[in-house]
Amino acid sequence: MRIFSNFDTKLRQKTFEEYQGKYGPENVLCFWRSMLYQIYKVIIPLTFVLLITVFGLIFFYRRLGGGYFGYIVIAILIIDLVFFFPVIGKFIDYKMDFIIVIPNCMIMYDQWGIFKRNVVTISAQSIKTITIKKSGLFYSMFDNGDLIILTEGDIAQNGEVTLRRIPRPEKRRNQIVKVIGIDLQADQNPKI
């Protein structure tokens with residue numbers, strides 16, 4: 001579904017197919033946030049808000065009866081909207097943010113709401129290291145981690161780009177290194 005030029009739900013698939021046609025299926029990698037992100041940032045908060053809403057409505061219906069209950073329902077729905085907007089934003093992050101890796105570069109798509117999209121391209125020559133950070137019980141249980149890419153020349157972000165909650169980060173790191181064609185081992189162990 002395409003609403004605005006910045007909001008296209010088919011962008012991931014179209015972009016992936018376009019680069020596969022250009023570079024071949026074996027030279028293109030596409031990945032996005034893990035299911036853990038959706039559970040942790042979307043499903044659990046949504047469930048919590050819905051449970052509080054239902055129990056709140058039951059509580060106020062029993063306490064107030066039918067008199068002021070209509071006003072309470074309206075107030076609770078307005079409060080729910082305040083809590084739903086951040087959850088919707090996280091759902092958009094889960095569905096719309098992705099990374100395409102092609103020979104010689106990585107392209108990261110970051111959708112913010114329906115009006116803003118950032119696309120960042122990192123050249124393979126500017127990548128110095130790719131580090132994996134796994135911390136916490138859930139990261140370990142579900143084999144999730146953060147890929148931290150140290151690059152040259154980007155002063156705005158101190159040369160560091162972090163891809164959060166990536167499934168199977170060791171496998172993704174190896175795939176990235178293979179597709180973009182860099183030898184990080186040689187850079188990390190210089191000969192003296």
Side-chain angles (χ1 to χ4, degrees), residues 1-16 19 28-59 73 75-101 106-122 127 129-151 154 156-176:
M1 174 174 72
R2 185 176 180 150
I3 298 174
F4 299 104
S5 65
N6 284 341
F7 191 79
D8 185 2
T9 57
K10 305 268 188 224
L11 181 66
R12 181 190 317 163
Q13 187 64 30
K14 286 192 276 188
T15 306
F16 184 55
Y19 283 118
V28 179
L29 176 63
C30 181
F31 58 96
W32 50 92
R33 289 190 169 109
S34 72
M35 180 66 87
L36 180 62
Y37 181 85
Q38 183 181 19
I39 292 169
Y40 186 66
K41 297 287 187 175
V42 178
I43 294 173
I44 291 175
L46 186 64
T47 304
F48 182 73
V49 168
L50 289 175
L51 286 174
I52 294 296
T53 299
V54 168
F55 288 125
L57 289 173
I58 291 170
F59 173 78
V73 169
I76 287 177
L77 290 177
I78 291 171
I79 292 170
D80 280 352
L81 286 177
V82 171
F83 287 107
F84 280 137
F85 280 120
V87 173
I88 291 169
K90 297 298 182 185
F91 182 72
I92 289 173
D93 283 347
Y94 174 72
K95 284 294 191 184
M96 304 287 290
D97 294 358
F98 62 98
I99 297 139
I100 298 277
V101 181
M106 290 177 60
I107 307 162
M108 295 177 292
Y109 292 83
D110 185 15
Q111 183 75 39
W112 296 355
I114 59 174
F115 298 116
K116 187 174 182 183
R117 178 189 314 140
N118 285 344
V119 179
V120 177
T121 302
I122 301 173
I127 296 175
T129 62
I130 300 175
T131 308
I132 298 167
K133 179 182 173 188
K134 282 184 166 181
S135 59
L137 178 65
F138 288 118
Y139 274 87
S140 295
M141 280 177 45
F142 294 102
D143 194 15
N144 278 247
D146 299 339
L147 289 177
I148 302 167
I149 301 168
L150 185 64
T151 63
D154 188 359
Q157 295 181 354
N158 297 325
E160 187 174 286
V161 178
T162 303
L163 312 172
R164 299 201 184 278
R165 290 187 174 88
I166 301 298
R168 299 176 305 283
E170 289 88 1
K171 178 181 176 183
R172 296 296 184 203
R173 180 194 180 276
N174 294 338
Q175 289 174 327
I176 290 169

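Worth saying up front: this structure is predicted, and the values here are computed from it rather than measured.
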Inter-residue atom distance [X].[atom1] - [Y].[atom2], 0.5 Å rounding:
| X | Y | atom1 | atom2 | value |
| --- | --- | --- | --- | --- |
| I107 | T121 | CD1 | OG1 | 5.0 Å |
| K134 | M141 | NZ | CE | 12.5 Å |
| M106 | L147 | CE | CG | 7.5 Å |
| F142 | R168 | CZ | CZ | 13.5 Å |
| L29 | I99 | CG | CD1 | 9.0 Å |
| L50 | D80 | CG | CG | 7.5 Å |

Quick one: closest heavy-atom pair of [X] and [Y], and the distance?
| X | Y | result |
| --- | --- | --- |
| V42 | V87 | O-CG1, 3.8 Å |
| W32 | I166 | O-CD1, 4.3 Å |
| P45 | I39 | CD-O, 4.3 Å |

Non-hydrogen side-chain atoms of [X] and [Y] separated by less than 4.5 Å:
| X | Y | result |
| --- | --- | --- |
| D93 | R33 | yes |
| F91 | K95 | yes |
| C30 | R12 | yes |
| F31 | V101 | yes |
| L163 | I149 | yes |
| T151 | E160 | no |
| L11 | F98 | yes |
| I122 | I127 | yes |

>> Is there a side-chain contact (heavy atoms from CB on, under 4.5 Å) between V73 and L77? Walk through the geometry before answering.
In response: CA-CA 6 Å; V73 169; L77 290 177; 4.0 Å; yes
> Side chain of S34, backbone of L36: donor and acceptor closer than 3.5 Å?
Replying inline: yes
Check whether more than 12 heavy atoms from other residues, nucleotides or ligands sit under 6.0 Å from atom [atom1] of [X], and answer yes or no.
| X | atom1 | result |
| --- | --- | --- |
| K133 | NZ | no |
| F84 | CZ | yes |
| Y40 | OH | no |

>> Between R117 and D110, does the side-chain contact (heavy atoms from CB on, under 4.5 Å) criterion hold? Intermediate values first, please.
In response: CA-CA 6 Å; R117 178 189 314 140; D110 185 15; over 6 Å; no
> Between F16 and V28, does a side-chain contact (heavy atoms from CB on, under 4.5 Å) hold up when you go through it step by step?
Replying inline: CA-CA 8 Å; F16 184 55; V28 179; 3.6 Å; yes
> Less than 4.0 Å between a side-chain N and a carboxylate O, is that true for D143 and K171?
Replying inline: no
> Going by an N to O cut-off under 4.0 Å, is there a salt bridge joining D146 and R165?
Replying inline: no
> What residue among N118, T15, D97 forms side-chain contact (heavy atoms from CB on, under 4.5 Å) with Y109?
Replying inline: T15
